[in-house]
Amino acid sequence: MQRKPGFYLAIFAFCVAVVVIVLGAYTRLVHAGLGCPDWPTCYSHFWVPTTPEEIHHANQNFSATPVQTDKTWPEQIHRIFASSLGVLVIGLLVIAIRNRKTKNQPLKLPAFMLGFVILQGLFGMWTVTLLLWPQVVTADLLGGFTTLSLLCLLAQRLGGFVWMLKKEAWQKVVRLRGLALAGLLAVVMQIALGGWTTSNYAALACPDLPTCHGKWLPAMDFSAGFNVFQHIGPNYLGGQLDNAARTAIHFAHRVGAVVVTLLLLSLIVALWRTGIRECRRMSVVVSLVLLVQLTLGISNVVFGLPLFVAVSHNAVGALLLLIMVTLNHRVLTVQCHSSIEEK
């Protein structure tokens, strides 16, 4: 396969995006989202305040949010990697423009990515200036996952990764397009629910399994839990919702996990039954990642949200999304040997 210009830069940008996702999850989970109370500087510094004089000066200027170095460092490092990713995306667009006459060279995708990364930067700013408003925090998380997915897709297009099958196998794969898309959309919705859960500090709203507060249907307030029009104003660090609202969010995330599992199991079986080597490999990969993700989700509840498990749950969720993006790319771009020969 012939790789197009920008392939290796796309791979590098993808790796940086993975770091951004993991750092973002870590920053949220250690409650360091406001580790730097201003933007784009950190306590009016281009770097974090480190000397006693700098910390004293920062505490005077930001008396409501005194310096906590254990939270300042994660937030600032996350910002640096996120900014670096933006520079890399600009580089990808420059390469795409220079090679726009190359056959099948993606141009619209890098252009869209740059616009999206700029929007993502605004979400990062609003996360700080709006004091962790759940709507913005969730949008920021979804934006990060979207950027990661777009870079994955761009790398595959630049790398020329496609399935080339005989006509009979090609027909079987084409029939999977609807189910593969449904699986992708279900995973996206579950990630959105996960983002809403973490931004509203509802990860431990149900402390037991498989019931919640010892009941199959606990007291829940869905109208408050999913009120996306809640006003801006208070500091949302630690959350503002009551137990019934948080329980509703957590319960919805659990139901979403069941729906995703059933849908992906159907997809796994369908992939395996094709008898095609590529499909069966993908079936095994989806099965393993889904099993790990379910195990991590259960462990979060059983062990009380340990940091390593919680960060891993975010990372494996991103991995599951990438696998679904890859699968959808494969079934949409699959080529038939007979059609190639006819040309």
### Query
How far does CZ of F81 sit from CG of L88, to the nearest 0.5 angstrom?
11.0 Å
#### Entry: Residue pair L141 / I191, side-chain heavy-atom distance below 4.5 Å
yes
### Query
Do H31 and Y201 come within less than 4.5 Å of each other through their side chains, counting heavy atoms only?
yes
### Query
Are more than 12 heavy atoms from other residues, nucleotides or ligands located less than 6.0 Å from atom OH of Y26?
no
### Task
Look at the side chain of R79 and the backbone N and O of P40, then say whether any donor-acceptor pair between them is shorter than 3.5 Å.
yes
#### Entry: N/O donor-acceptor pair under 3.5 Å between T261 side chain and A257 backbone
yes
### Query
N99 side chain to T102 main-chain N or O, any donor-acceptor pair under 3.5 Å?
no
### Message
So, taking the atom named CG in L107 and the one named CZ in R98, what distance separates them when rounded to the nearest 0.5 Å?
### Response
14.0 Å
### Message
Quick one: does any side-chain atom of Q335 pair with a main-chain N or O of W163 as donor and acceptor, under 3.5 Å?
### Response
no
### Query
With sequence neighbours excluded, what pairs up with R157 under the salt bridge (charged side-chain N to carboxylate O under 4.0 Å, His left out) test?
none
### Flag, side chain of R254 to backbone of C206, donor-acceptor distance under 3.5 Å
yes
### Task
Take L267 and L264, measure what side chain to side chain contact (heavy atoms under 4.5 Å, CB included) needs, and give me the verdict at the end.
CA-CA 5 Å; L267 178 60; L264 292 190; 4.3 Å; yes
### Query
Would you find a donor on one side and an acceptor on the other, under 3.5 Å apart, between the side chain of T274 and the backbone of L271?
yes
### Message
The criterion is side-chain hydrogen bond (donor to acceptor under 3.5 Å, both in side chains); which residues satisfy it with D38, sequence neighbours excluded?
### Response
T41
### Task
Using a 4.5 Å cut-off on heavy atoms from C-beta on, say whether the side chain of I249 contacts that of L241.
yes
#### Entry: Validation row: I55, N59 side chains within 4.5 angstrom (heavy atoms)
yes
### Query
Linking I/L/V/M/F/W/Y whenever their side-chain heavy atoms sit closer than 4.5 Å, directly or via other members, would Y8 and L85 fall into one cluster?
yes
### Task
Start with the C-alpha distance between F7 and I95, add both sets of side-chain angles, then the distance that settles side chain to side chain contact (heavy atoms under 4.5 Å, CB included), and finish with yes or no.
CA-CA 10 Å; F7 171 73; I95 292 174; over 6 Å; no
### Query
Can any side-chain N or O of N328 pair as donor or acceptor with the backbone N or O of L181 at less than 3.5 Å?
yes
### Message
What I'd like to find out is whether the side chain of L148 reaches to under 4.5 Å of the side chain of L321, using heavy atoms alone.
### Response
no
### ILVMFWY network linking L23 to W47, side-chain heavy atoms under 4.5 angstrom
yes
### Query
Side-chain heavy atoms under 4.5 angstrom apart, residues restricted to Ile, Leu, Val, Met, Phe, Trp, Tyr: same cluster for M189 and V260?
no
### Summary
Closest non-hydrogen atoms of K166 and C336, given as atom of the first, atom of the second and distance, are C-SG, 4.4 Å
### Task
Go through the steps for V311 and L307 under the test side chain to side chain contact (heavy atoms under 4.5 Å, CB included), then give the verdict.
CA-CA 6 Å; V311 173; L307 181 60; 4.0 Å; yes
### Message
Please check this pair: side chain of Q156 against backbone of F161, looking for a donor-acceptor N/O pair closer than 3.5 Å.
### Response
no
### Task
Please check if atom CZ in F62 has more than 12 non-hydrogen atoms from other residues, nucleotides or ligands closer than 6.0 Å.
yes
### Task
Return the minimal non-hydrogen interatomic distance between V309 and S299, and the atom names on each side.
CG1-CB, 3.9 Å
### Query
Can you check side chain to side chain contact (heavy atoms under 4.5 Å, CB included) on W196 and H253, steps first, answer last?
CA-CA 9 Å; W196 191 245; H253 190 48; over 6 Å; no
### Message
A side-chain contact here means heavy atoms from C-beta on lying under 4.5 Å apart; do L151 and T147 qualify?
### Response
yes
#### Entry: Non-hydrogen atoms of T247 and P218 that approach each other most closely
CG2-CG, 3.8 Å
#### Entry: Transitive ILVMFWY cluster of F303, excluding itself - 4.5 Å side-chain cut-off
L209, I298, V301, V302
### Query
Would you say T72's side chain and G35's backbone share a donor-acceptor pair under 3.5 angstrom?
yes
### Exam field: side chain Q240 to backbone Y236, donor-acceptor pair closer than 3.5 Å
no
### Task
Could you grab the distance from atom CE of M164 to atom CH2 of W170, nearest 0.5 Å is fine?
13.5 Å
### Query
Looking at side-chain heavy atoms only, is the closest gap between V48 and H45 below 4.5 Å?
no
### Task
With rounding to the nearest 0.5 Å, note down the distance linking CG in L142 to OG1 in T138.
6.5 Å
#### Entry: Residues, nucleotides or ligands: over 12 heavy atoms within 6.0 Å of R273 CZ
no
### Query
Is there a chain of hydrophobic side chains (I, L, V, M, F, W, Y, each step under 4.5 Å between heavy atoms) that links V258 to L193?
no
### Student check: side-chain heavy atoms of H57 and P49 closer than 4.5 Å
no
### Message
Can you classify the ring geometry of F226 versus F222 as parallel (below 30°), tilted (30 to 60°) or perpendicular (above 60°)?
### Response
parallel
### Message
Give me the atom names and distance for the closest heavy-atom approach of V137 to S199.
### Response
CG1-CB, 3.6 Å
### Query
Counting only heavy atoms not in E168, do more than 12 fall under 6.0 Å of its CD?
no
### Query
From K215 NZ over to D208 CG, what is the distance, rounded to the nearest 0.5 angstrom?
11.5 Å
#### Entry: Distance in Å, L290 CG paired with M324 CE, rounded so as to fall on 0.5 Å steps
10.0 Å
#### Entry: Heavy-atom closest pair, residues N314 and F145
O-CZ, 3.9 Å
### Query
Per the side chain to side chain contact (heavy atoms under 4.5 Å, CB included) rule, which among L176, L327, V331 passes with M282?
L327
### Query
Is there a path from L165 to W272 through hydrophobic residues (I, L, V, M, F, W, Y) whose side chains come within less than 4.5 Å of each other?
no
### Message
Would you say the ring centers of H213 and F251 fall short of 6.0 Å from each other?
### Response
no
### Task
Would you name the heavy atoms of K4 and P106 that are closest together and state the gap between them?
CD-CD, 4.2 Å
